[in-house]
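No hydrogens, no waters, no symmetry mates; every other heavy atom, side chains included, goes into these values. Counting starts at 1 for both ligands and their atoms, in listed order.
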Amino acid sequence: MSSQQESTNSRVADATIAAVSSGSGGAVAVIRISGPAAGEAVRALTGRLPEPRRASLARLADPRTGERLDEGLALWFPGPRSATGEDMAELQIHGGRATVAAVLAALFAVPGVRPAERGEFTRRAFLNGRMDLTEAEGLADLIAAETEGQRRLAFAHAFGHLGRQVEGWRARLIRAMALVEAGIDFADEDDVPAEARALARPNVEALLGALEAALADRRGAMVREGAAIAIAGRPNAGKSSLINALAARDVAIVSDEPGTTRDVLEVALDLGGQKVTLIDTAGLREAEGKVEAEGIRRARVRIAQADLVLWVHDVSTGAPPQARPDIDAGEGAGLWLLANKIDAASPGVAPEAEWATRRFAVSARDGLGLEGLTEALAVFVAERARGAEHPALIRERHRTSAQEAAGHLRAALAEWATLDDELIAEELRLAGRALGRMTGSIGVEDLLDVVFREFCIGK
Ligand SMILES: Nc1nc2c(c(=O)[nH]1)N(C=O)[C@@H](CNc1ccc(C(=O)N[C@@H](CCC(=O)O)C(=O)O)cc1)CN2
Ligand SMILES: Nc1nc2c(ncn2[C@@H]2O[C@H](COP(=O)(O)OP(=O)(O)OP(=O)(O)O)[C@@H](O)[C@H]2O)c(=O)[nH]1
């Protein structure tokens, strides 16, 4: 543990925080209280402190007036054996809005108790060394998880999957650094530096390889954000009809994240346990106006980033077989041809398309062929997602740290034979710092607001 974290850990929070931690609308609400006045607060409202870690029935009253507020359960978790590492208490009360408000108001009247900010319980758990930053992020993801795939990934992260991996990388780095530094210490004995450095090199190379492999693996990020399936085609091919039909079929519609207004229509679905985002892109053709041109430009961007592109082709017009569409699907992305409007096509119209990785004949209007398509999509995404729980760099923050670390390792390796020991050691140290920022074991003061802002109140 670095000295920086030790100094952070030894800082005792003086404020006691309280908030509702249960979801809204339930019959029972859980109020959590954390900090030095937690015990005092429970005593003020219930008249006593229950036996540690045992639920006990409690009559709650407002300490200012003596008015009875509710009958609930009280729990007492003396620190450091608690979720935050501080003294903690819980009041489990009836879930009505007014009851919750009255009990919270009574709590905030206790000296030293104030409302908790977003993520503040978890932030305290982190500052008290109960979890690393990747685990805290995993918890945020766990709370937000809407599909089975997201849940599994978030669970792995919340319980140390990535954190352990990163600590393993750092341990390897520290071994390499020790070897290089041994060279510094014995600088007057001619052989030691060269030998120690030679021993360290394979470690550094292996670590760089591991970082590069982790950076190249996009599965975790795809599962977390949802696989992007772009629906593309000429105007009127039936793209909107298809997206509507797919969204209405055998798939659960996953709620959309708030605050993301996009001009490209998106629908988030749960396809066999994986989150999938269907993206309806503007019909691709020669643009007639500025607005349309911009729509098409954006459509092309989304298509290039998609995990799979469904090219919808209207076969009702008897138009010639579809040539390879003029689009740039991303590297490794699938490109499927959907021959649409087969209900209105003469039988046997099956466009040849050697460029397509798969072909489906469908009618978005009548639903023909959509069941098979949905199943194929679920299989495609499940295959892409396989192994995603493998320690993965699922956030930009993780990728930035890993890229920074890899950069320093590359710099060291590029001039391994010629650089001074001190300079090699410095590059390795900087790489270690970058990894340390990922787990939060060093230098993260500036990151905390960003990380914990995305939590809800009460977590
Ligand atoms: N009612 C309730 N349910 C909840 C939580 C909570 O705070 N309250 N949690 C909120 O996060 C999660 C459970 N997390 C927890 C994590 C650690 C400890 C805890 O007391 N840890 C001690 C003792 C462990 C033990 O009994 O062996 C420790 O680690 O020292 C409690 C809850 C999910 N469910
Ligand atoms: N017969 C038949 N008509 C269809 C089918 N799918 C779509 N259509 C019709 O084709 C027309 C265009 O459908 P849309 O879904 O709006 O096509 P689009 O590709 O989204 O069009 P743009 O947004 O202009 O690019 C509408 O009149 C639909 O009713 C189909 O499977 N069979």
Side-chain angles (χ1 to χ4, degrees), residues 17-23 26 28-34 38 52-55 72-93 116 119-126 128-131 135-136 138-140 142-143 155 158-160 230-247 263-265 267 278-288 292 295-296 299 303 310-318 325 338-346 349 360-370 373 455-456 458-459:
I17 52 174
V20 183
S21 291
S22 48
V28 173
V30 175
I31 291 176
R32 292 200 301 168
I33 310 155
S34 182
R53 318 185 63 80
R54 294 239 178 273
L73 291 174
L75 287 119
W76 167 234
F77 304 94
R81 274 187 69 201
S82 72
T84 59
E86 303 177 324
D87 279 356
M88 274 192 91
E90 270 184 29
L91 297 172
Q92 307 189 351
I93 60 174
E120 202 173 4
F121 290 96
T122 314
R123 185 181 190 134
R124 290 180 177 204
F126 165 73
N128 286 324
R130 318 278 306 169
M131 64 180 70
E135 292 175 310
L139 280 178
L142 195 56
I143 292 165
F155 179 84
F159 295 95
I231 301 183
R234 307 254 169 262
N236 252 10
K239 299 181 292 298
S240 306
S241 307
L242 181 77
I243 213 168
N244 289 335
L246 286 175
D263 39 349
V264 187
L265 176 82
V267 186
L278 294 180
I279 305 158
D280 185 7
T281 61
L284 297 175
R285 61 171 171 186
E286 287 308 310
E288 272 163 16
E292 193 183 351
I296 291 175
I303 289 167
L310 304 181
W311 182 264
V312 185
H313 176 57
D314 180 352
V315 290
S316 70
T317 58
L338 304 191
N340 188 33
K341 312 195 190 180
I342 50 167
D343 58 281
S346 26
V349 178
F360 295 84
V362 299
S363 164
R365 201 193 63 186
D366 297 351
L368 295 169
L370 291 186
L373 176 63
F455 279 77
C456 42
K459 186 57 205 173

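- At the shortest separation from atom 24 (C) of ligand 1 among protein heavy atoms lies R53 NH2, 3.7 Å.
- Between Q92 and L75, some side-chain heavy-atom pair lies under the 4.5 Å cut-off.
- Remark: among candidates G369, A232, G238, P235, the nearest residue to atom 17 (O) of ligand 2 is G238, based on non-hydrogen atoms.
- Selection from A344, A245, S241, S316 by nearest heavy atom to atom 28 (C) of ligand 2 gives S241.
- Between G79 and D87, the closest heavy-atom pair is N-OD1, 2.7 Å.
- The number of heavy-atom neighbours closer than 6.0 Å to CZ of F155, taken from other residues, nucleotides and ligands shown, is 12 or below.
- Residue contact annotation: M88 has no non-hydrogen atom under 4.0 Å from ligand 1.
- Protein heavy atoms are found inside the 4.0 Å sphere centred on atom 22 (C) of ligand 1.
- The closest protein non-hydrogen atom to atom 27 (O) of ligand 1 is R81 NH2, 3.8 Å.
- Annotation: side chain of L242 is not in contact with side chain of N340 (no heavy-atom distance under 4.5 Å).
- Of the options S240, A339, G233, the smallest heavy-atom separation from atom 16 (O) of ligand 2 is shown by S240.
- Against a heavy-atom cut-off of under 4.0 Å, A364 is close to the following atoms of ligand 2: 6 (N), 31 (O).
- The protein non-hydrogen atom at the shortest distance from atom 2 (C) of ligand 1 is E90 OE2, 3.3 Å.
- In plain terms, the two heavy atoms of I17 and A116 that are nearest each other are CB-CB, 3.7 Å.
- Nearest heavy-atom pair, M88 versus S34, reported as atom, atom and distance to 0.1 Å: CG-OG, 3.6 Å.
- What sits closest to atom 7 (O) of ligand 1 on the protein, heavy atoms only, is R32 NH1, 2.8 Å.
- Summary of contacts: the protein heavy atom closest to atom 14 (N) of ligand 1 is A83 CB, 4.7 Å.
- Contacts between V362 and ligand 2 below 4.0 angstrom, taking non-hydrogen atoms only, are absent altogether.
- Residue A237 has at least one N or O atom closer than 3.5 Å to an N or O atom of ligand 2.
- Near Q92, with a cut-off below 4.0 Å to any heavy atom, the atoms of ligand 1 are 1 (N).
- Residue contacts with ligand 2, taken as heavy atom pairs separated by less than 4.0 Å, involve N236 via backbone and side-chain atoms alike.
- Under the 4.0 Å distance rule, the nearest protein heavy atom to atom 34 (N) of ligand 1 falls outside the cut-off.
- Annotation: atom 28 (C) of ligand 1 to nearest protein heavy atom, R130 NH2, 2.8 Å.
- Nearest protein heavy-atom contact of atom 12 (C) of ligand 1 is K459 NZ, 4.8 Å.
- Among I342, D343, T281, the residue whose heavy atom lies closest to atom 32 (N) of ligand 2 is D343.
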- M131/L139 under side-chain contact (heavy atoms from CB on, under 4.5 Å): CA gap, chis, key distance, verdict: CA-CA 10 Å; M131 64 180 70; L139 280 178; 3.6 Å; yes
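- Of the charged side-chain nitrogens involved, none lies within less than 4.0 Å of a carboxylate oxygen, so that K239 and D280 do not count as a salt-bridged pair.
- In this structure, F126 and E135 have side chains that are not in contact, with every pair of non-hydrogen atoms separated by 4.5 Å or more.
- In this structure, the side chains of E86 and N128 come closer than 4.5 Å at one or more pairs of heavy atoms.
- Under the 4.5 Å side-chain criterion, counting only non-hydrogen atoms from C-beta, V20 is in contact with I31.
- In this structure, D343 and S363 approach most closely via the heavy-atom pair OD1-OG, 2.7 Å.
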